[in-house]
Number of protein chains: 2
Amino acid sequence: MKSLKKAGLIKTQPRMLILDIFEAQEKKHLSTNDIYMALQRNKTPLSLGTIYRVVNQFEKSGLIQSHHFSPDNAVYELCAADNHDHMIDIRTGKIVEFHDEIIEKRQKEIAEEYGLDLVDHKFILYGYFN
Amino acid sequence: MKSLKKAGLIKTQPRMLILDIFEAQEKKHLSTNDIYMALQRNKTPLSLGTIYRVVNQFEKSGLIQSHHFSPDNAVYELCAADNHDHMIDIRTGKIVEFHDEIIEKRQKEIAEEYGLDLVDHKFILYGYFN
DNA sequence: CTACTTGCAAAGACTTTGCAGGACG
DNA sequence: CGTCCTGCAAAGTCTTTGCAAGTAG
């Protein structure tokens, strides 16, 4: 269980509810609307405005990370220790995570070559799963 | 000069103007607003609606490619033969392109391992340029 | 001529924000 | 109790679309 206090955020009911959603979900990548609907199902609804505010705070605090895989909307996931990349099925939207040391190592070399002080990266493979 | 006809599009004035903007620009990654303003400067203004329609047609025809580097807006660039990746300076927004064979090769291996029929990929490095 | 395109303004989707009331420490 | 948080609804972006007029072949 991630800590709100460590993240510098007061422990409030809405924030705990949203954090719970992330930790309870089998699906790891959630849009604001996914969160909204999950809260409805749990009979603990929150306003969309609050959800947007909370995920933005969580992201600034480093609790979660946002991705813009599709132009339409952002999805969020809990920050994991390993830094993994993503494969996306174009047809179904299914997301699979993977981690690859060769990629990790090579990206650092490339950044160095170009004089880039690397902060983050994004590596996404799009295609169709068999 | 890319061909509108080959792309299956009638050669109209607005479409030629927009294609010219892409080919004339030192900056390769343009937002709809960049295009809009460049056309204003050229004294050949077009409506934003038309620009959105045209870039969407161009993208479907494979003439240009869209990127969503920032959550705010999409940018477009002419499709090049080489398939390159991007580095982005977080502070300035500067974009640098690169191509790396190790990455290209490794991505194919990873896709194969996971049973993904690879269609496209995106590899972006974020950081600060020295 | 006939079909496809364009401009304009309205509509849409997603996200942010102001304000008054409510919860936290 | 003062401060930070929430709900609600309004406002903001960026993008898409309907319709009537214009252009291409």
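Below, chains carry the letters A, B, ... as their sequence lines are ordered, and counting in each starts from 1. None of the values given here were measured: they were computed from a predicted structure.
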- Query: For the pair made of CG in B:Leu46 and C1' in C:dC8, what is the distance, rounded to whole Å?
  - Reply: 13 Å

- At their closest point, which heavy atom of A:Tyr36 faces which heavy atom of A:Ile51, and how far apart are they? CA-CD1, 3.5 Å

- Query: Does B:Tyr76 or A:Leu9 map to a spot on DNA chain D nearer the 5' end, using the closest nucleotide for each?
  - Reply: A:Leu9

- Message: Can you measure A:Tyr36 atom OH to D:dC8 atom C1' for me and round it to whole angstrom units?
- Response: 11 Å

- In plain terms, say whether A:Glu101 and A:Lys108 are close enough for a salt bridge, that is, a side-chain N and a carboxylate O under 4.0 Å apart. no

- Query: Expressed in angstrom and rounded to an integer, what is the separation of B:Ile18 atom CD1 from C:dT5 atom P?
  - Reply: 13 Å

- Message: If you count every heavy atom of other residues, nucleotides or ligands that lies below 6.0 Å from A:Lys27 atom NZ, does the total exceed 12?
- Response: yes

- Note on the structure: Of B:Ala74 and B:Ile10, the one whose closest nucleotide on DNA chain D sits nearer the 5' end is B:Ala74

- Winner on side-chain proximity to A:Thr50, out of D:dT15, D:dT6, D:dG25, is D:dT6

- Within the structure, does a side-chain N or O atom of B:Thr12 lie under 4.0 Å from either OP1 or OP2 of C:dT5? no

- Rounded interatomic separation in angstrom, taking CD from A:Gln13 and C1' from C:dC24: 11 Å

- What is the distance from CD1 of B:Ile35 to P of C:dT6, rounded to the nearest Å? 14 Å

- Query: Under 4.0 Å between a side-chain N or O of B:Asn73 and OP1 or OP2 of D:dT15?
  - Reply: no

- Given D:dT15, C:dG18, C:dT5, which nucleotide is nearest the side-chain atoms of A:Arg53? C:dG18

- Quick one: is D:dT15 close enough that its OP1 or OP2 comes under 4.0 Å of any side-chain N or O from B:Asn56? no

- Message: If the cut-off is 4.0 Å, is B:Thr32 near the phosphate of D:dT15, judged by side-chain N/O to OP1 or OP2?
- Response: yes

- Query: What integer distance in Å separates B:Ile51:CD1 from D:dC14:C1'?
  - Reply: 13 Å

- Interatomic distance, B:Asn33 CG vs D:dG12 C1' [rounded to whole Å]: 15 Å

- Message: I want to check one thing: is the phosphate of D:dT15, taken as OP1 and OP2, less than 4.0 Å away from some side-chain N or O of B:Tyr52?
- Response: yes

- Item | Worked verdict on A:Leu116 versus A:Ile110 for side-chain contact (heavy atoms from CB on, under 4.5 Å) | CA-CA 8 Å; A:Leu116 182 76; A:Ile110 295 171; over 6 Å; no

- Message: What is the separation between atom CG on B:Asp72 and atom P on C:dT15, rounded to the nearest whole Å?
- Response: 11 Å

- Query: Should B:Leu19 and B:Phe58 be marked as a side-chain contact (heavy atoms from CB on, under 4.5 Å) after you check the CA-CA gap, both sets of side-chain angles, and the distance that decides it?
  - Reply: CA-CA 9 Å; B:Leu19 196 48; B:Phe58 280 11; 4.1 Å; yes

